[in-house]
Amino acid sequence: MTKALSGWGRYPKVKTQVEAPRSTADLQELLAQGRPVIARGNGRSYGDSAVGAPLTLEMRHFNRMISFDAETGQLVAEAGVSLGDIIKGFLPRGWFLAVTPGSKFVTLGGAIAADVHGKNHHKDGSFATCVDWIDVLGPGGQVTRAEKGSALFEWTLGGMGLTGIILRAAIRLRPVESGWIRQTTIPVPNLAAAMAAFDQAQDATYSVAWIDCLARGKDLGRSLVMLGEHADAAEVPKKARKNPLETRERAKKTFPFDLPGFALNGLTVRAFNALYYAQGRRNAGVSYVDWDTYFYPLDAILGWNRIYGRKGFVQFQCALPLKTSEAGLRALLQATGRAGAGSFLAVLKRLGAQDSRFSFPMEGYTLALDFPVGPRTLALVDRLHAIALEHGGRFYLAKDARMSAEMLRRADDRVPDFETMRAETGAAPRLASAQSERLAL
Amino acid sequence: MAFAERGHPIQLAARDAETLSEMKTDLELRHRVTVTCHDFDVLALDSHGVFLDGLPEDPRIVICAVGVMGEQEENEADMDAHSRVLRTNFEGPASLFALLAGRMARRGSGTLVGISSVAGLRGRAINYVYGSAKAGFTAYLSGLRNRLTEDGVHVVTVLPGFVNTAMTADLDLPERLTAEPQEVAEAILRAVDKKKNVIYVRPIWWLVMTIICAIPEAIFKKLKI
């Protein structure tokens, strides 16, 4: 079937043929046709990384769990299994994901391809750290089991599906006593205070900040820094103590996620941000929240991408090295505040050290901002790209819908090696997405 | 899967039980329920009794999702294909349900879920061989329900409309009318819980079929739909 397909941001929309193969043999047959292909999980990358230039392979039929070792916590599952499925199956047995991004609808294959990170990156690293091995269907149709440390493994984690089709993976889950998180909310009045709070929280398992990207002047960078720890069975709220792993009833939605239906504009976002910050100040301190509310607040609103309207939205996410983080973040926030085109979903996070072939994270800070698509906001995103580049920043391909091939090369000196690998393995041009074509990878 | 999530033990049956082993592992891992796999050929009517006797325990809820559409042109011309479509969609499932009906009636409880088709509501040139077999099955289910109600056995007729499965993979289906298999599963679970009799999966199909069925035959026979 041919249709106009996009990522979660609903921008850009690209005409592509979509197939939903049911077996490895089906995949091999589609690969053998010779047209470039890209695998797609749940379509939760924001831009065009899971949209095939000519042919998109939906992996939803590869959604089986294969084995689980209760001694080591190793789960083997097919690439189309979602992270939410894993939690649903294994949290009741006392296991949780070792690393999780902000949506549980992401598939295992997608998490591997983008080498996603979570609120514990500063401590536990990216998704790659919890993966033992992957099975990859190569461009020639051969299936290879790539163990951690092998070249294929290292290139595929973060390789955006451009090394081959991820079929299966073995990942390590983390033992937990409860499905609850002990959350500490720290309101901070400006950027310097936010960064100081992150510095002090290096030992916290989880840390992330919601940042008011429209605050200006002395308030620039005011944030709510949120730390989290897996709660012990004994400390969970009374009502849950009987069965601390059971959190099926999602806690009542709190204010920030009951999004209004009216159009977004500078005024409404500014008002929202001010209210949210005030609310955070009132609720400062320790509270207990269930895993779903803590890790996946936006998943509660199915189709939240629609609030940005028909044209869709773009997300800007960069990582800045530690040295230039403060100056870079300041410049990015100033530009955003001046344009008055902020989003409520502005996230700041301290990243830990990471040395990988093509993954996004680097030691420093990452800032993520959403903007509804329009000429003004796209111009702003271009400006933000330029600012991040000046400060030695790099961009998250799982979010990108906008970068040019030239900009990618200026941001990331690993590109030539990635291209060499693609040429040598035959992955180019057999595996290609609309994004990889735009970026000339 | 929806039933396994509730903790029900599951018995899976297919022509070749080997093909079910991945699904068995998946269900067991996700839901910690016991899953058994059984060979079952819907066209081998003589084997149905043996098949039921061979199950580890009498099932409380049976879902029959047997069907083959074939190519209408082939079904019209090739009498083997013609017969295969009629028997697979009607005679086979009816035979199985006949045996189950007796067993459930004796026990005084149980639920039979038959997956039929909107194609059975009115015969159309493009798929009447398949449609007429489904029409037979729908009528059969209706009759069983009428007969078994006093025995405490419930019968659900499912008219899914288009579903995104291997059977329809080559068809270009309108998205709004096409359900995902998961939606069908959830609809069946609800229907079993609430003792619904006849369900469509997407409500819009009720409207579509009501209109199609309301067209006078004199006009309908000239239409190409």
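Just so it is clear: chains get the letters A, B, ... in the order the sequence lines come, proteins before strands, and each one is counted from 1. Heavy-atom basis, side chains included; hydrogens, waters and symmetry copies ignored.
- Contacts from residues 45-70 of chain A to chain B, taken as heavy-atom pairs separated by less than 4.5 Å, involve A:Arg60, A:Asn63, A:Arg64, A:Met65, A:Ile66, A:Ser67, A:Phe68 in sequence order.
- Counting heavy-atom pairs closer than 4.5 Å to chain A, the top residue among B:Glu28, B:Met23, B:His31 is B:Met23.
- Shown here is A:Glu29, whose CD atom has no more than 12 heavy atoms of other residues, nucleotides or ligands within 6.0 Å.
- In this structure, CG in B:Leu29 is found 11.5 Å from CD1 in A:Ile86, a value given to the nearest 0.5 Å.
- Counting non-hydrogen atoms of other residues, nucleotides and ligands closer than 6.0 Å to CH2 of B:Trp206 gives a total of 12 or fewer.
- Scanning both residues, A:Arg22 and B:Ala166, for their nearest heavy atoms gives NH2-N, 2.9 Å.
- Heavy atoms from other residues, nucleotides or ligands lying under 6.0 Å from CZ of B:Arg60 number 12 at most.
- Within 6.0 Å of NZ on A:Lys13 lie more than 12 heavy atoms contributed by other residues, nucleotides or ligands.
- No more than 12 heavy atoms of other residues, nucleotides or ligands shown are found within 6.0 angstrom of CD on B:Glu18.
- Within a 6.0 Å radius of CD in B:Glu76, more than 12 heavy atoms belonging to other residues, nucleotides or ligands are found.
- Around CZ of B:Arg15, the count of heavy atoms belonging to other residues, nucleotides or ligands within 6.0 Å does not exceed 12.
- Annotation: A:Gln142, atom CD; neighbour count of heavy atoms from other residues, nucleotides and ligands within 6.0 Å is above 12.
- Residue B:Gln182 does not touch chain A at all, counting heavy-atom pairs closer than 4.5 Å.
- Scanning both residues, B:Arg30 and A:Arg93, for their nearest heavy atoms gives O-NH2, 3.4 Å.
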